[in-house]
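Okay, structure first, notes after.
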Amino acid sequence: MAERYQPAGIEARWQKRWEDEGAYRVERRPDRPKYYCLEMFPYPSGNLHMGHMRVYSIGDLLARYKTMRGFNVLHPMGWDAFGLPAENAAMARGTHPERWTRENIANMKLQMRALGVSYDWEREIATCDPGYYRWNQWLFLRMHERGLVYRRRTAVNWCPDCETVLANEQVEGGACWRCSNPVVTREIEGWFFRITRYADELLAGCDDLASTWPERVLTMQRNWIGRSYGARIDFALAGREGAVRVFTTRQDTLFGATFMSLAPEHPLVAELSRGTAQEAAVRAFVEKAGRLERSARTAGEIEKEGVFTGAHAVNPLTGAAIPVWAANFVLMEYGTGAVMAVPAHDQRDFEFARKYGLPVAVVVNPPGESLEPATMTAAFEGDGVAVNSGPCNGLPTAAAKERMIALLEERSCGARETNYRLRDWGISRQRYWGTPIPMVHCPACGVVPVPDAELPVVLPLEGVEINQRGGSPLGRIPSFRHRACPQCGGAAERDLDTMDTFVDSSWYFLRYCSPRFEGAPVEAGDAAYWMPVDQYIGGIEHAILHLLYARFFTRVMRDLGLVASAEPFANLLTQGMVCMESYRCAEHGFLGPEEALPGAGGKVCHVCAAPVEVGGRIKMSKSKKNVVSPDEMVRVYGADTTRLFSLFAAPPEKELEWSEEGIEGCQRFLNRIWRLVEGRLEEIRAGVAADAAGAEGAWIDLRKRTHRTTKKVTEDIERFHFNTAISAVMELVNHLYQLEGAAASTAAARGALREAIERLLLLLQPFTPHFAAELWERIGGGGGEARAAAWPGFDPALLREETVEVVVQVNGKVRGRVTVPAAAGEEEVRRAAFADARVRDWVGRGEVRKVVYIPGRLLNVVVAAESPG
RNA sequence: GCGAAAGUGGCGGAAUGGCAGACGCGCUGGACUUAGGAUCCAGUCCCGGAGACGGGGUGGGGGUUCAAGUCCCCCCUUUCGCACCA
């Protein structure tokens with residue numbers, strides 16, 4: 001009696017063996033081609049979820065496949081270990097953030113091991129290790145030396161709930177990316193990375209990635225950088241010193257500027273209104289605008305409002321005095337915080353002008369038209385021909401823009417300027433669980449860097465008190481806080497903030513190359529050999545933040561001579577979310593699977609028995625009560641089945657709908673193979689693949705299918721169609737079941753059977769490594785373990801068919817099919833086609849006008865229908 | 001509003017411009033069984049037909065082509081991203 005397939009024991013045994021063997025340890029091997037396969041490292045939240053399992057399955061598949069293809073594969077894993085949840089946990093349960101983090105890492109590592117992923121654990125890193133974050137500090141200091149780090153006081157995004165500053169990228173629709181509470185604006189002093197210095201290069205780099213990164217991601221990055229070409233223009237103030245500087249992309253409409261709009265926070269607003277009749281009104285307006293929560297302001301819902309400041313500015317070209325207003329829709333953080341308002345050619349200005357009765361002046365006419373301010377119902381924002389614009393009259397918009405820049409530069413009241421939406425990256429966080437910033441504030445010397453020799457500035461683990469009082473918890477640890485000034489030796493204080501955790505993840509892929517190197521973040525030879533990452537895999541949610549920062553850091557490190565390539569990730573795969581059916585009761589909200597009971601005509605609520613709404617394709621989440629844990633799936637079905645299903649159920653970039661029936665299908669599939677192999681074990685063991693050459697009949701057919709499957713699986717993996725690769729293997733297995741009754745009675749037949757089974761297992765190795773290893777061992781597979789075997793090639797002679805089936809169409813509709821020798825030419829195919837009775841019948845209904853032949857595939861006969869008359 | 005992607009059976013999904021629906025799930029029937037929620041075999045887009053076969057069919061409408069799920073134009077829907085960026 002053949003043994004049943006029982007994954008639990010098999011998987012544990014192989015995992016232990018791989019660990020003992022150090023199976024996935026990897027070293028630099030200049031003689032061999034490298035492949036760096038990387039999945040985004042997780043935040044150690046405590047448990048793996050399905051999303052993690054999915055990425056690791058994809059990464060492991062590629063790592064294993066490339067290993068079999070002969071590449072020296074780097075496949076590391078680590079932990080994005082700093083961050084707010086650890087502090088929240090500390091507050092909620094009184095554990096230390098470090099302990100909480102370490103315990104979570106330990107647990108998640110066990111879960112990863114149970115998945116059988118081929119990581120080189122010797123290279124494991126955790127960003128909360130001083131040995132890691134010292135290089136954050138080192139990089140910070142190098143950037144400081146190069147003017148890429150600076151300190152300033154600015155209005156920042158402040159999350160009152162997390163009590164911390166957020167980067168622009170961390171504000172989503174006016175709310176905190178982590179806690180979803182509304183973000184407010186606050187004045188605070190902190191450190192900034194001058195990412196804007198690389199804006200152009202980051203933008204240009206997007207073009208180089210066009211064929212290897214998802215277009216979507218590149219578009220998002222381009223929009224985020226948001227470069228626009230235009231001019232800065234200074235409008236002198238009427239009757240007083242000073243000027244209002246604006247940025248515009250429509251300098252060609254300067255003659256149509258009828259007023260100016262300043263952001264409520266603009267310093268000139270208060271200054272200009274001071275002492276005028278407008279002062280009180282302006283103050284009231286600014287106060288109201290400031291009170292508006294950021295979320296409401298950026299949500300685009302608010303009515304455009306403004307107030308006259310009482311001052312006028314002078315149009316530098318026309319000399320006309322125009323009123324200066326404060327307006328709630330002008331953003332302080334873009335451009336100069338002030339705009340010239342051209343109501344005829346900007347919809348926002350148009351609405352504002354109509355509302356407050358400000359003049360509208362047309363300076364661009366649409367081609368062949370003439371606009372009348374009085375009758376306009378909307379601004380004309382398109383390109384056209386300049387009018388009422390002095391020296392620009394008659395010029396098309398593009399030429400007028402150039403002309404205007406020349407005029408402005410001639411008169412020194414403006415210049416060509418490029419503007420970006422991208423802001424510098426504020427990295428100071430008023431939190432504890434992060435990288436200390438290696439700076440000292442000295443009352444005598446100012447801000448002084450910590451000398452390199454003193455790195456790392458270790459985050460103190462003792463005596464920490466974490467609460468929600470605000471301010472950095474580090475300030476309450478005197479031994480950390482007080483530090484002699486490195487310059488004058490006098491009493492000074494350390495910087496009490498920690499770095500944004502996105503700093504940690506901006507270069508971790510480089511640290512994997514030389515995880516224990518003491519001389520620099522990465523050893524030059526290691527970086528030269530391993531970089532760039534050949535395949536990076538992770539969630540689309542990092543399309544902007546992490547991926548942009550990583551590209552920025554890699555360029556900085558290139559400029560420091562640490563790496564050669566500017567782009568860290570040669571190929572990017574953004575995998576889709578994992579979704580699950582959800583149940584919702586109108587009365588009681590979302591229900592878990594056990595709370596939605598089977599009832600009349602569907603599911604009913606376990607509380608009120610009302611019919612339950614069943615929704616599909618919703619991302620797994622606790623709040624929706626539709627979470628399935630990978631842990632449980634591995635326990636019930638085994639890691640191989642769980643992984644196989646996640647790769648089979650959907651293409652990797654699309655969302656994956658988890659289904660109990662689906663995973664059972666995969667379990668059935670593996671069981672089928674198991675029984676097949678166990679059932680024919682004698683024949684398979686007796687077979688010698690080399691004998692297959694003499695196979696005949698059904699066995700030569702099997703060989704052809706085996707080699708075709710090999711080709712298909714190889715190509716599908718290469719183009720990331722993992723689901724169809726699995727389908728192809730399923731087809732081969734189905735065919736093997738067709739042969740169940742046929743005894744392999746000759747050496748050639750046994751050879752063909754053995755070849756099929758060997759290849760089947762090797763093709764599956766990247767998908768179901770334990771399963772493949774186990775059966776490979778049972779059949780006595782040569783050359784060591786399945787994982788170490790070479791990926792099978794295919795014999796072109798076996799892919800060639802002696803005969804091919806050619807589809808015969810008449811007027812594009814299939815009317816028959818003929819089997820002809822593969823070498824047959826068009827003439828022969830034609831003859832065969834016209835010999836077919838059915839084809840002849842259809843062709844006979846009219847006159848043959850044309851015949852199109854696609855060699856070996858299709859013959860289309862175009863027949864002119866006989867008109868009934 | 002702007003931008004991007006996508007709409008194919010009951011469901012997940014296949015199809016370098018060349019046989020639409022591979023593979024899997026579900027369902028139907030059969031075999032083996034004391035039994036089956038195990039396993040194996042067969043069937044499963046719609047309409048007509050016993051069948052051979054015929055007709056229709058990839059969100060809707062046009063177009064290009066011998067040939068369109070695939071390319072082009074317009075519309076509808078969904079998802080995602082950005083959201084007063086001057």
Side-chain angles (χ1 to χ4, degrees), chain A residues 4 172-174 214-220 222-224 226-228 230 246-251 253 261 263 297-302 304 327-331 333-342 345-349 351-352 381 419-422 540-541 543-544 576-577 579 581 616-617 645 648-651 653-666 668-669 671-672 675 712 715 719 721 723-731 733-734 737-738 740 805-817 838 849-854 857-863:
Chain A
R4 276 190 57 221
E172 295 171 347
E215 189 53 42
R216 198 151 83 97
V217 173
L218 294 173
T219 304
M220 281 161 77
R222 286 191 187 104
N223 291 343
W224 191 263
R227 179 168 65 190
S228 45
V246 302
F247 170 76
T248 179
T249 55
R250 289 302 303 271
Q251 62 274 11
T253 64
S261 304
R297 186 165 162 191
T298 50
E301 300 293 324
I302 59 162
K304 287 180 180 42
N328 63 351
F329 65 90
V330 179
L331 303 172
E333 56 272 23
Y334 183 78
T336 61
V339 299
M340 65 176 205
V342 185
H345 306 293
D346 182 286
Q347 186 59 25
R348 294 156 303 183
D349 296 341
E351 288 167 23
F352 196 86
E381 296 184 326
N419 214 329
Y420 301 88
R421 192 180 168 282
L422 182 70
I540 186 75
E541 67 271 21
I544 301 174
M577 295 183 308
C579 299
E581 198 172 61
R617 292 172 172 267
F645 175 67
F648 176 62
E653 67 284 354
K654 284 190 67 173
E655 60 185 34
L656 164 67
E657 197 174 341
W658 201 264
S659 101
E660 198 74 18
E661 292 82 10
I663 193 170
E664 276 167 11
C666 287
R668 258 197 298 274
F669 168 61
N671 262 310
R672 250 163 96 75
R675 282 195 308 272
K712 168 84 173 148
E715 288 169 354
R719 58 183 190 141
H721 286 210
N723 52 337
T724 53
I726 296 167
S727 302
V729 178
M730 286 174 169
E731 285 179 79
V733 171
N734 288 344
Y737 265 79
Q738 300 294 316
E740 252 204 319
E805 191 183 69
V806 175
V807 170
V808 183
Q809 296 182 336
V810 179
N811 287 344
K813 288 197 186 297
V814 181
R815 298 302 182 189
R817 42 196 87 224
R838 206 169 127 216
R849 283 281 167 79
K850 185 175 181 180
V851 177
V852 180
Y853 178 58
I854 308 299
R857 298 179 67 98
L858 178 138
L859 186 84
N860 189 14
V861 184
V862 184
V863 174

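Here the structure is a predicted model, which is why all the values come from computation and not from measurement.
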On the nucleotide [N], are OP1 or OP2 found under 4.0 Å from the side-chain N or O atoms that [X] carries?
| X | N | value |
| --- | --- | --- |
| A:R838 | B:G54 | yes |
| A:N734 | B:G24 | yes |
| A:R815 | B:G54 | yes |
| A:R348 | B:C85 | yes |

*Taking atom types as modelled, find out whether A:N223 and A:R421 have a side-chain donor-acceptor pair closer than 3.5 angstrom.*
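Not at all, the side chains of A:N223 and A:R421 share no donor-acceptor pair under 3.5 Å.
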
*Indicate, with a heavy-atom threshold strictly under 4.0 Å, whether A:S261 touches base, sugar-phosphate, or nothing.*
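Nothing, no nucleic acid heavy atom in range.
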
I want to verify a distance call: between [options], whose nearest atom is closest to the [X] side chain?
| X | options | value |
| --- | --- | --- |
| A:F329 | B:G54, B:C84, B:C80 | B:C84 |
| A:V862 | B:C66, B:G3, B:A83 | B:C66 |
| A:P651 | B:C25, B:C85, B:G13 | B:G13 |
| A:R421 | B:G13, B:C85, B:A86 | B:C85 |
| A:L331 | B:G13, B:C66, B:A86 | B:A86 |

*Treating a pair as Watson-Crick (purine N1 to pyrimidine N3 plus N6-O4 or O6-N4) or G-U wobble (N1-O2 and O6-N3) with both distances under 3.5 Å, list the stems of 3 or more consecutive pairs that involve RNA chain B.*
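RNA chain B stems, ordered by first number: B:1-7 with B:76-82, B:10-12 with B:23-25, B:26-31 with B:39-44, B:45-48 with B:53-56, B:59-63 with B:71-75.
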
*A:F648 and A:F669: ring-ring contact (aromatic ring centres under 6.0 Å, His included), yes or no, with the steps?*
CA-CA 12 Å; A:F648 176 62; A:F669 168 61; 7.9 Å; no

*Can you spot which of A:N723, A:T724, A:L656 makes a side-chain contact (heavy atoms from CB on, under 4.5 Å) with A:P651?*
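The passing option is A:N723.
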
Polar-atom pairs under 3.5 Å, protein N or O versus N or O of nucleotides 35-39 of chain B: list them with distances, or write none.
{"residue": "B:U39", "atom": "O3'", "partner": "A:R675", "partner atom": "NH2", "Å": "2.7"}

*How would nucleotides 15-22 of chain B be written as a contact map, 5' to 3', with B for base contact, S for sugar-phosphate-only contact and - for no contact, using protein heavy atoms under 4.0 Å?*
S--BB--B

_I'd like to know if A:E215 and A:R222 make a salt bridge, using a cut-off of under 4.0 Å between side-chain N and carboxylate O._
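Salt bridge present between A:E215 and A:R222.
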
*For A:N223 and for A:G665, find the nucleotide of RNA chain B with the closest heavy atom, then tell me which residue's nucleotide is more 5'.*
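Its nearest nucleotide lies further toward 5', so the answer is A:N223.
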
